[in-house]
Amino acid sequence: MSVIEEEAVRGGKGVFREICSEDEELQPTEIESLCMNCYQNGSTRMLLTKIPFFKEIIISSFTCPHCCWSNTEIQSAGRIQDQGITYTLKVRSKQDMNREVVKADSATVRIPELDFEIPAFTQKGSLSTIEGLIGRTVAGLEQDQPTRKATAPEVAAKIDEFMERLQKLKDVKSEFTLVIDDPSGNSFVENPFAPQKDDALTVAHYKRTPQQDAQLGVKSDEKDEEKPGNDIVSMRNEVLVFNTNCPECNAPASTNMKLVQIPHFKEVIIMATNCDSCGHRTNEVKSGGATEELGTRITLRLTDPSDMTRDLLKSETCCILIPELEFELGMAALGGKFTTLEGLLKDIRELIVSKNPFTCGDSSTPERTEKLEIFGEKIDKVLLIPLLPVELYVLGKLLATEPVENKG
């Protein structure tokens, strides 16, 4: 029988739970293990927990009572995301060095100014800051320096020179670029200006290559099986069901997908997931047609309570701007959605405030938490008093074929 009971996976509190002082069952597991520094027995403490708005993780900490050596690691226990992600950060001040970074095992870290790169799967996953990431790199280079100085003095001298250049980056006397490329999509770089846009941080999603899929183990190297016939009529009349895991509790769930032809509009793909364990529901809409040659910009001024019930179709490449709230939402943040304006504002509030990982626990600061709470109160006022004039800008690829009536 498995150590993790089926009931714990499909229901109840679950295996991965959020850190809470009142949860007495959430205790780390201690395992006796070998110290790789002095080869004596030490202890490893493991904790299975969940970061809100992020994913399930395994935190492990090793300590040796004989040589006092310690090591901490963070491993991903959640699913691999549908797309890879690339974070490009322009580090301009010492405040940027304090940004929190979640680096997965599969992430590649690059500093183009130094022609420096940390390849994927060469370091364990970590939860740190940019300064800590550089410090960990320097510590790794210093580890074998005594041996190099004895066997290859020239190589050791070059490494010492390079470590000095890395140490100078901590003073941020000149701007440099930090690039984190993670094909699994499980890395994260903090935006201290949330919910406002961060001009120094660029986030890009991309489709993985077959080689990256094989490296992550999500697809086999074998040739694809023979594809069924492309019968559009049968696809429109059929609801496809495939198994997946719930994004909230990680319990087994099913996702329904259907190709729908909307009259006087376009062909769209509707996907819906319903979890029987925790009751979580999600829906997503993807464009079934080709990308249009021209994009579109829709400006809607909300002046009447009935405007909140307007139907809205948001594509994956759509950006949303609300000038009155000084808010901008980038592409792929909420995915494709078919909802109302009221539902869209609730989803934005949940994304920015309720499920933000940096508003709770040790990662939060009073200034950041207060700023996000004020932003959430502004959205609540718009939802409760929809007569307040608010302009909503929607930027995205062209989905509609008819003009949209604007009020105001």
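Between Asp96 and Arg99 there is a salt bridge, with a side-chain nitrogen of the basic residue lying less than 4.0 Å from a carboxylate oxygen of the acidic one. Between Lys346 and Glu342, at least one side-chain nitrogen of the basic residue sits less than 4.0 Å from a carboxylate oxygen of the acidic one, meeting the salt-bridge criterion. Lys124 has no carboxylate O lying under 4.0 Å from a charged side-chain N of Asp105, or vice versa, which leaves the two without a salt bridge. Ion pairing between Lys207 and Asp213 fails under the 4.0 Å rule for side-chain N and carboxylate O.
Interatomic distance, CZ of Arg208 versus CD of Gln83, reported as 8.5 Å (0.5 Å rounding). In this structure, the separation between CE on Met97 and NZ on Lys170 is 7.0 Å, given to the nearest 0.5 Å. We find the CG-CG distance between Leu312 and Leu341 to be 5.5 Å, quoted to the nearest 0.5 Å. Of the inter-residue distances, the one linking Asn245 atom CG with Ser254 atom OG reads 11.5 Å to the nearest 0.5 angstrom. Separating the CZ atom in Phe242 from the CE atom in Met271 is a distance of 4.0 Å, to the nearest 0.5 Å. With rounding to the nearest 0.5 angstrom, the CD atom of Glu328 is 11.0 Å from the CD1 atom of Ile322.
By the 6.0 Å contact criterion, CG on Asp115 is open, its count of non-hydrogen atoms from other residues, nucleotides or ligands being 12 or less. Other residues, nucleotides and ligands contribute only 12 or fewer heavy atoms inside 6.0 Å of the CZ atom of Arg281.
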Could you walk me through whether Thr72 and Ser61 pass side-chain hydrogen bond (donor to acceptor under 3.5 Å, both in side chains), step by step? CA-CA 4 Å; Thr72 58; Ser61 174; over 6 Å; no
Ile31 vs Met46, test: side-chain contact (heavy atoms from CB on, under 4.5 Å). Steps then yes/no. CA-CA 8 Å; Ile31 305 172; Met46 300 180 62; 3.8 Å; yes
Apply side-chain contact (heavy atoms from CB on, under 4.5 Å) to the pair Gln123 and Ile118, showing each step before the final yes or no. CA-CA 8 Å; Gln123 286 186 355; Ile118 303 177; 3.9 Å; yes
Take Arg110 and Thr108 through the side-chain contact (heavy atoms from CB on, under 4.5 Å) test and state the conclusion after the steps. CA-CA 7 Å; Arg110 293 192 297 271; Thr108 300; 4.0 Å; yes
Glu175 vs Val91, test: side-chain contact (heavy atoms from CB on, under 4.5 Å). Steps then yes/no. CA-CA 6 Å; Glu175 178 182 319; Val91 181; 6.0 Å; no
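At a threshold of 4.5 Å between non-hydrogen side-chain atoms, the residues Leu133 and Lys103 count as touching. At least one side-chain heavy atom of Ser126 sits under 4.5 Å from a side-chain heavy atom of Arg136. Looking at Asp181 and Tyr87, their side chains never come closer than 4.5 Å, going by heavy atoms from C-beta outward. Two residues are said to be in side-chain contact when any heavy atoms from C-beta on lie closer than 4.5 Å; Val203 and Val189 fail this criterion. A 4.5 Å side-chain heavy-atom check between Phe176 and Leu169 finds at least one atom pair inside the cut-off. No side-chain heavy atom of Tyr206 sits less than 4.5 Å from a side-chain heavy atom of Ile85. At least one side-chain heavy atom of Phe121 sits less than 4.5 Å from a side-chain heavy atom of Leu216. The shortest side-chain heavy-atom distance between Phe162 and Leu141 falls under the 4.5 Å cut-off.
In terms of heavy atoms, Cys249 sits closest to Cys246 at N-SG, 3.6 Å. Shown here for Val138 and Leu166, the closest heavy-atom pair between the two residues is CG2-CB, 3.9 Å. Pro119 and Thr122 get closest at one heavy-atom pair: O-OG1, 2.6 Å. Across Cys38 and Cys35, no two heavy atoms sit closer than the pair N-SG, 3.6 Å. Minimum heavy-atom separation, Lys371 to Pro192: NZ-O, 3.3 Å. Pairing each heavy atom of Asp307 with each of Thr303, the nearest pair is OD2-N, 3.1 Å.
Side chain of Asp171 to main chain of Lys173: no donor-acceptor pair is present (N/O by atom type, distance under 3.5 Å, no hydrogens or angles). Formation of a donor-acceptor pair under 3.5 Å by the Gln212 side chain with backbone atoms of Thr209 is found in this model. Panel note: side chain Asp380, backbone Arg349; no donor-acceptor pair is recorded below 3.5 Å. Glu190 places a side-chain N or O within donor-acceptor distance of the main-chain N or O of Glu100, the cut-off being under 3.5 Å.
For the residue pair Ser184 and Ser106, a side-chain donor N or O sits within less than 3.5 Å of a side-chain acceptor on the partner. Using modelled atom types, one finds no donor on one side chain facing an acceptor on the other under 3.5 Å when comparing Glu131 with Thr129. Side-chain contact, Arg45 with Thr29: no donor N or O sits under 3.5 Å from an acceptor N or O. Counted by atom type alone, Thr44 and Ser33 present one or more donor-acceptor pairs between their side chains at under 3.5 Å. Side chain to side chain, Thr177 and Lys90 meet the donor-acceptor criterion of an N or O pair below 3.5 Å.
Gln145 pairs with exactly one of Glu142, Arg148, Lys149 by the side chain to side chain donor-acceptor pair (under 3.5 Å) rule, that one being Arg148.
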